[in-house]
Colleague: 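Have a look at the structure that comes next, please.
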Amino acid sequence: HVQLVESGGGSVQTGGSLTLACVVSGFSVDGSDMGWYRHYPGNECELVSVISADGGTYYYDSVKGRFTISRDSAKNTLYLQMNNLKPEDAAQYYCAAQRTVTLRLLVSCRGNEYRYWGQGTQVTVS
């Protein structure tokens, strides 16, 4: 049974930090394309960062230098370290795994561009 469970969201002040975690069951985070997307109400899900099966990473321009994606094989968990948070980072964040299409900046939230999605975790920045 495949499950992705996000945690770590919350409310922080501008300039603060949060670390999101996505605990995976049912497959290994190693060897899987995985990513973080965020959703602003009324929009599609926006790419934040992805890590490929071979370890390559990609970051959306607005988060470069502030966010870091990583994975822990022992804990089978994907992380997103977010530093220097800004009000525009406030959104619902989703973990996604096993991309089925070429990389896109915008996807349908919890759509079929990825085989698996988490339930999301809310980040608020004031």
Side-chain angles (χ1 to χ4, degrees):
H1 175 64
V2 173
Q3 196 171 15
L4 281 64
V5 179
E6 297 108 330
S7 63
S11 182
V12 296
Q13 293 186 334
T14 299
S17 298
L18 286 173
T19 300
L20 305 185
C22 174
V23 179
V24 175
S25 57
F27 66 90
S28 174
V29 296
D30 283 340
S32 292
D33 291 333
M34 299 193 68
W36 290 96
Y37 285 76
R38 60 190 179 189
H39 179 236
Y40 301 103
N43 294 335
E44 291 183 285
C45 265
E46 173 186 281
L47 171 67
V48 177
S49 181
V50 293
I51 183 166
S52 64
D54 64 5
T57 58
Y58 175 87
Y59 296 92
Y60 192 52
D61 283 350
S62 66
V63 306
K64 284 181 181 176
R66 300 188 297 123
F67 290 12
T68 303
I69 191 171
S70 64
R71 57 192 174 199
D72 184 325
S73 302
K75 296 181 179 180
N76 213 34
T77 299
L78 179 74
Y79 296 99
L80 185 69
Q81 173 68 44
M82 306 187 295
N83 297 326
N84 191 21
L85 282 160
K86 303 177 179 181
E88 53 264 40
D89 296 318
Q92 181 84 348
Y93 283 71
Y94 292 94
C95 169
Q98 300 187 14
R99 180 162 43 88
T100 62
V101 297
T102 55
L103 187 62
R104 298 172 182 173
L105 293 181
L106 295 175
V107 299
S108 300
C109 293
R110 309 189 76 191
N112 57 13
E113 288 90 346
Y114 285 81
R115 290 186 67 189
Y116 305 111
W117 290 84
Q119 82 288 352
T121 186
Q122 182 69 37
V123 172
T124 303
V125 185
S126 59

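Keep in mind the model is a prediction, meaning the values are calculated, not measured. FYI, side chains are in, hydrogens and waters are out, and symmetry mates aren't considered; it's all heavy atoms of this structure.
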Colleague: Once rounded to the nearest 0.5 Å, what's the spacing between atom CZ of Arg66 and atom CG of Leu85?
Modeller: 6.5 Å
Colleague: Could you tell me whether the side chain of Val63 reaches within less than 4.5 Å of the side chain of Arg38, counting heavy atoms only?
Modeller: yes
Colleague: Starting at CG of Asp89, measure out to OH of Tyr40 and round the result to the nearest 0.5 Å.
Modeller: 6.0 Å
Colleague: Say whether, by atom type as modelled, one donor and one acceptor occur between the side chain of Thr14 and the main chain of Ser126 under 3.5 angstrom.
Modeller: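 Such a contact is found between Thr14 side chain and Ser126 backbone.
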Colleague: Within the structure provided, determine whether Leu4 and Tyr114 are in side-chain contact (heavy-atom separation under 4.5 Å).
Modeller: no
Colleague: Please tell me if the side chains of Leu106 and Tyr37 come closer than 4.5 Å, counting only heavy atoms from C-beta onward.
Modeller: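 SC-SC contact between Leu106 and Tyr37 ruled out.
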Colleague: Side-chain contact, heavy-atom cut-off 4.5 Å: Glu6 with Gln119?
Modeller: yes
Colleague: Is the shortest side-chain heavy-atom distance between Ile51 and Ser70 below 4.5 Å?
Modeller: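 No, too far: nothing below the 4.5 Å cut-off.
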Colleague: How long is the span from the CG atom in Leu105 to the SG atom in Cys45, to the nearest 0.5 Å?
Modeller: 12.5 Å
Colleague: For side chain to side chain contact (heavy atoms under 4.5 Å, CB included), just list the numbers for Val107 and Leu47, CA-CA rounded to whole Å, side-chain angles, deciding distance to a tenth of an Å, and then say yes or no.
Modeller: CA-CA 8 Å; Val107 299; Leu47 171 67; over 6 Å; no
Colleague: Going through the checks in order, is the side chain to side chain contact (heavy atoms under 4.5 Å, CB included) test met by Glu113 and Ser108?
Modeller: CA-CA 7 Å; Glu113 288 90 346; Ser108 300; 3.9 Å; yes
Colleague: Have a look at Asp33 and tell me which of Arg115, Arg71, Arg99 forms a salt bridge (Lys or Arg N to Asp or Glu O under 4.0 Å) with it.
Modeller: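 In the set Arg115, Arg71, Arg99, the residue that makes a salt bridge (Lys or Arg N to Asp or Glu O under 4.0 Å) with Asp33 is Arg99.
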Colleague: Measuring only between side-chain heavy atoms, which start at C-beta, is Trp36 closer than 4.5 Å to Cys95?
Modeller: yes
Colleague: Which value, rounded to the nearest 0.5 Å, describes the distance between Glu46 atom CD and Tyr94 atom OH?
Modeller: 14.0 Å
Colleague: For Gly9 and Thr121, which heavy atoms make the closest approach, and how far apart are they?
Modeller: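 Minimum heavy-atom contact is N-OG1, 3.1 Å.
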Colleague: Closest approach of Gln98 and Ser32, non-hydrogen atoms and distance?
Modeller: NE2-OG, 3.9 Å
Colleague: Below 4.5 Å, heavy atoms only, C-beta onward: do Tyr60 and Phe67 meet side chain to side chain?
Modeller: no
Colleague: Locate the shortest heavy-atom distance separating Thr77 from Lys75; write the atom from each residue and the value.
Modeller: OG1-O, 2.8 Å
Colleague: Look at the rings of Tyr116 and Phe27 and say which category their plane angle falls in: under 30° parallel, 30 to 60° tilted, over 60° perpendicular.
Modeller: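 Tyr116 and Phe27: parallel rings.
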Colleague: When you group the ILVMFWY residues by side-chain heavy-atom contacts below 4.5 Å and let the links chain together, are Met34 and Val5 in the same group?
Modeller: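 Shared cluster, no.
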Colleague: Measuring only between side-chain heavy atoms, which start at C-beta, is Val125 closer than 4.5 Å to Gln13?
Modeller: no
Colleague: Supply the atom-to-atom distance Gln81 CD to Ile69 CD1, rounded to the nearest 0.5 angstrom.
Modeller: 12.5 Å
Colleague: Indicate if Val24 and Tyr79 have the same hydrophobic cluster label, given that clusters are the connected sets of ILVMFWY residues with side-chain heavy-atom separations under 4.5 angstrom.
Modeller: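 They do not share one cluster, since no chain of ILVMFWY contacts under 4.5 Å joins Val24 to Tyr79.
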Colleague: For a side chain to side chain contact (heavy atoms under 4.5 Å, CB included) check, start with the C-alpha distance between Val48 and Met82, then their side-chain angles and the critical distance, and finish with the verdict.
Modeller: CA-CA 11 Å; Val48 177; Met82 306 187 295; over 6 Å; no
Colleague: I'd like to know if the side chain of Asp30 pairs up with that of Ser28 as donor and acceptor (distance under 3.5 Å, no hydrogens or angles considered).
Modeller: no
Colleague: Should Val23 and Leu80 be counted in the same cluster of Ile, Leu, Val, Met, Phe, Trp and Tyr side chains packed under 4.5 Å apart?
Modeller: no
